[in-house]
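Below you'll find the structure, written out as structure tokens, and then a few comments.
One is the number of the first residue; the rest follow in order along the sequence. Remember, it's a predicted structure, so these values are computed and weren't measured experimentally.
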Amino acid sequence: MIRKKNNFFTFIFSLLPGAGQMYLGFMKRGLSLMACFFFVILIGAWLNIGPFLLLLPLVWFYSFFDTHNLRSMPDDEFYAMEDNYLFLSDLPKDKIILLQGKYRNIVAIALIILGFSILWNNIYEIFQRLLPVYLIRVGYYLPQFVVGVAIVLLGAYLIRGKKIELTREDSKQKESDPLFVKSKTSKKEDETNENS
């Protein structure tokens, strides 16, 4: 049930991302923030990627101030607020299905990399005593290297996709532009006049 609660307990629960929203009755919103916070910790610690943990303060501050902004809302606005997940809650179901199809390969690649990392860590622990020192160092940094390459490839894919989208929009705009169409037809008329 969504309702305003005690200021002291709101402050205490707001110290853990998502718990403040849950205390105020916004379960979906709180779950989104809590999952995001602990997912960042999981990925950063598991793959030993320290810079990834720099996202934690962003999630924490967002959650903290979101809790206090919810608490300080006027009553009519507070009770009118809907409890939604933070991610993809505004999209209609047909768009979500389209996104699932579009990004299915990206999710599959991420799962393969995650599985490879788990297998590598387990196999690496078994063979660590048998390997020379230089291979031990390579084995330690290989999962980080694979994740780094995956992030670079994902970024390149997203940039390429945006570039293709922009060129499509540009070509559609040129085709719909009356001056562009007129200049095309006038060039064709000029060519036919020259030929005759």
Side-chain angles (χ1 to χ4, degrees), residues 1-115 117-118 147-148 150-166 168-169 172-173:
M1 172 189 252
I2 297 175
R3 62 187 175 94
K4 287 196 172 180
K5 308 247 179 146
N6 185 310
N7 279 337
F8 175 73
F9 287 119
T10 300
F11 174 76
I12 296 299
F13 283 113
S14 72
L15 296 176
L16 177 65
Q21 286 82 356
M22 290 178 171
Y23 177 69
L24 292 174
F26 295 97
M27 295 299 174
K28 292 177 182 176
R29 191 178 195 138
L31 181 65
S32 299
L33 285 165
M34 195 173 280
C36 184
F37 184 77
F38 288 110
F39 181 75
V40 168
I41 292 173
L42 173 79
I43 295 299
W46 188 11
L47 297 176
N48 198 21
I49 304 173
F52 195 70
L53 295 176
L54 293 174
L55 294 174
L56 285 178
L58 296 175
V59 176
W60 188 89
F61 279 109
Y62 178 83
S63 176
F64 182 82
F65 288 110
D66 183 56
T67 300
H68 293 286
N69 285 338
L70 287 172
R71 176 68 180 92
S72 64
M73 281 182 163
D75 288 343
D76 55 336
E77 287 181 31
F78 181 83
Y79 293 115
M81 281 285 290
E82 288 187 37
D83 185 22
N84 290 323
Y85 294 106
L86 289 181
F87 311 107
L88 303 176
S89 63
D90 297 346
L91 293 176
K93 289 199 182 224
D94 59 334
K95 292 273 189 186
I96 291 175
I97 292 170
L98 180 68
L99 283 176
Q100 286 174 344
K102 189 174 182 180
Y103 294 109
R104 173 178 251 142
N105 291 339
I106 293 172
V107 171
I109 290 169
L111 289 174
I112 289 170
I113 290 171
L114 192 62
S117 174
I118 293 169
V147 170
I151 289 171
V152 169
L153 291 175
L154 178 63
Y157 172 78
L158 292 174
I159 288 173
R160 189 181 63 117
K162 186 66 173 172
K163 186 176 181 182
I164 291 170
E165 183 181 313
L166 288 174
R168 284 183 189 158
E169 287 178 7
K172 285 181 183 177
Q173 185 180 18

Quick one: pull up [atom1] in [X] and [atom2] in [Y] and give me the separation to the nearest 0.5 Å.
X	Y	atom1	atom2	result
Thr10	Leu24	OG1	CG	5.0 Å
Leu53	Ile41	CG	CD1	7.5 Å
Asn69	Tyr62	CG	OH	9.0 Å
Ile43	Leu55	CD1	CG	11.5 Å
Asn7	Phe9	CG	CZ	11.5 Å
Asn84	Met27	CG	CE	14.5 Å

With a 3.5 Å cut-off and sequence neighbours excluded, list the donor-acceptor pairs that the side chains of residues 29-37 form with protein atoms.
| from | atom 1 | to | atom 2 | distance (Å) |
| --- | --- | --- | --- | --- |
| Arg29 | NE | Asp66 | OD2 | 2.9 |
| Arg29 | NH2 | Asp66 | OD1 | 2.9 |
| Ser32 | OG | Lys28 | O | 2.9 |
| Ser32 | OG | Leu86 | N | 3.2 |

task: Quick one: list whatever passes side chain to side chain contact (heavy atoms under 4.5 Å, CB included) with Phe11, sequence neighbours left out.
output: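 By the side chain to side chain contact (heavy atoms under 4.5 Å, CB included) rule, Phe11 matches Ser14, Leu15, Phe64, His68.
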
- request: Using side chain to side chain contact (heavy atoms under 4.5 Å, CB included) as the criterion, list what pairs up with Ile12, not counting sequence neighbours.
  value: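 Per chain and number, Ile12 pairs via side chain to side chain contact (heavy atoms under 4.5 Å, CB included) with Phe8.
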
task: Could you check if a side-chain atom of Tyr23 sits within less than 4.5 angstrom of a side-chain atom of Asn6, using non-hydrogen atoms only?
output: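 A side-chain contact under 4.5 Å exists here.
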
Chi angles and distances behind the side chain to side chain contact (heavy atoms under 4.5 Å, CB included) call for Met81, Phe26: CA-CA 9 Å; Met81 281 285 290; Phe26 295 97; 3.7 Å; yes

task: Identify the two heavy atoms, one from Ser63 and one from Gly18, that lie closest to each other, and give their separation to 0.1 Å.
output: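 Nearest pair, atom of Ser63 first, then Gly18: OG-N, 3.0 Å.
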
task: Please collect all salt bridge (charged side-chain N to carboxylate O under 4.0 Å, His left out) contacts where either partner lies in residues 34-52, sequence neighbours excluded, each pair once.
output: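 Found none.
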
